[in-house]
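Read the structure below first, then the notes.
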Amino acid sequence: MWLMVVSVPLLPAIVMVSSRYSVKVSALWSRALNWALRLVRGKVCVRSTHAFVFSNCTHGKVDSVLETFDLYAATHPSLCISPQTGEAVDEAVRRVRPSQVLELGMHCGYTSVRLLRLLPPAGRLITVELDPLTAEMGEEIILVAGFRHSQFQVLTSSSAEAIPTLRPFLEPDQGTSEGLNLVLMDHDPQEYLPDLLALEREEVLCPSGCSVLLIHRNQRAEDLRGILHHIRAKPDCYCIKSEFQFMTEIFYQKGNVKVDSKI
Ligand SMILES: *[C@@H]1O[C@H](CO)[C@@H](O)[C@H](O)[C@H]1NC(C)=O
């Protein structure tokens with residue numbers, strides 16, 4: 001009762017404030033709704049992609065796993081990278097021949113399998129996935145493709161939490177490099193710049209060179225603005241190696257970049 005008594009004189013003010021902010025509030029709502037929809041759709045997509053690949057591929061055969069993914073993506077909406085982007089990733093992996101690879105965002109394990117099949121015998125993949133269900137299903141697909149736990153490690157956490165814990169996984173071993181020599185970012189583009197800064201800060205990038213592959217699915221310019229600005233501001237450490245429609249490759253080298261820069 002007292003609430004009504006108090007709020008009646010305040011009514012004009014309440015109406016004014018809420019109409020003033022209603023635009024902001026509704027924008028917030030639609031963002032929250034979009035986020036929730038993406039989350040649900042993401043889960044459904046992961047489940048159905050996993051079921052399709054698991055039951056239709058030949059277990060133990062990498063090529064069959066990748067073909068089955070491509071078959072699924074050709075007929076269903078899918079979060080996996082397109083075969084063309086996959087070929088650009090393959091080209092980078094063949095050129096770099098990385099021994100320590102970090103993947104941020106594993107979706108259904110498609111890119112993880114693609115990366116693992118091209119690594120040298122001592123090569124290792126660390127893959128970071130925020131969503132536990134996606135991480136679990138992705139890991140199962142990697143095993144279905146015939147890879148062993150000694151070749152990869154799945155970390156189920158946000159990239160921001162995972163990066164400071166990477167060092168123990170990167171102890172130089174026989175045949176491996178001193179730090180990461182390939183990083184593939186395919187998670188939330190908002191995290192690309194903070195994660196690159198964290199990788200620099202933690203000194204986990206191989207000082208003699210690391211290729212960073214940035215996957216961009218849409219709104220390329222907007223997604224990459226922050227990170228490209230950072231790269232251009234540090235020409236002594238970074239250059240842009242190549243730019244495709246769905247992927248940009250940057251090259252990091254501590255102190256001195258010798259690769260021709262396209263900027
Ligand atoms: C396996 O593939 C067939 C034919 O493409 C498809 O109809 C079926 O739904 C797939 N299995 C699963 C579990 O998705």
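Atoms within a ligand are numbered from 1 in the order they appear, just like the ligands themselves.
Considering only non-hydrogen protein atoms, atom 6 (C) of ligand 1 sits nearest to F52 CE1, 4.0 Å. In this structure, atom 11 (N) of ligand 1 lies nearest to the protein heavy atom N56 ND2, 3.1 Å.
In this model, no donor atom of one side chain and acceptor atom of the other lie less than 3.5 Å apart for H216 and E243. Y72 and S48 share a donor-acceptor pair across their side chains, judged by distance under 3.5 Å alone.
Using a 4.0 Å cut-off between a side-chain N of Lys or Arg and a carboxylate O of Asp or Glu, E249 and R95 qualify as a salt bridge.
Taking CG of D236 as the reference point, atom CD of Q253 lies at 11.0 Å (rounded to 0.5 Å).
Atom 2 (O) of ligand 1 is approached by the protein to below 4.0 angstrom, counting heavy atoms only.
Close contacts between ligand 1 and A51 involve ligand atoms 13 (C) [criterion: under 4.0 Å to a heavy atom]. Residue S55 has at least one heavy-atom neighbour below 4.0 Å for each of these atoms of ligand 1: 11 (N), 12 (C), 13 (C).
V101 places none of its side-chain heavy atoms less than 4.5 Å from the side chain of R124.
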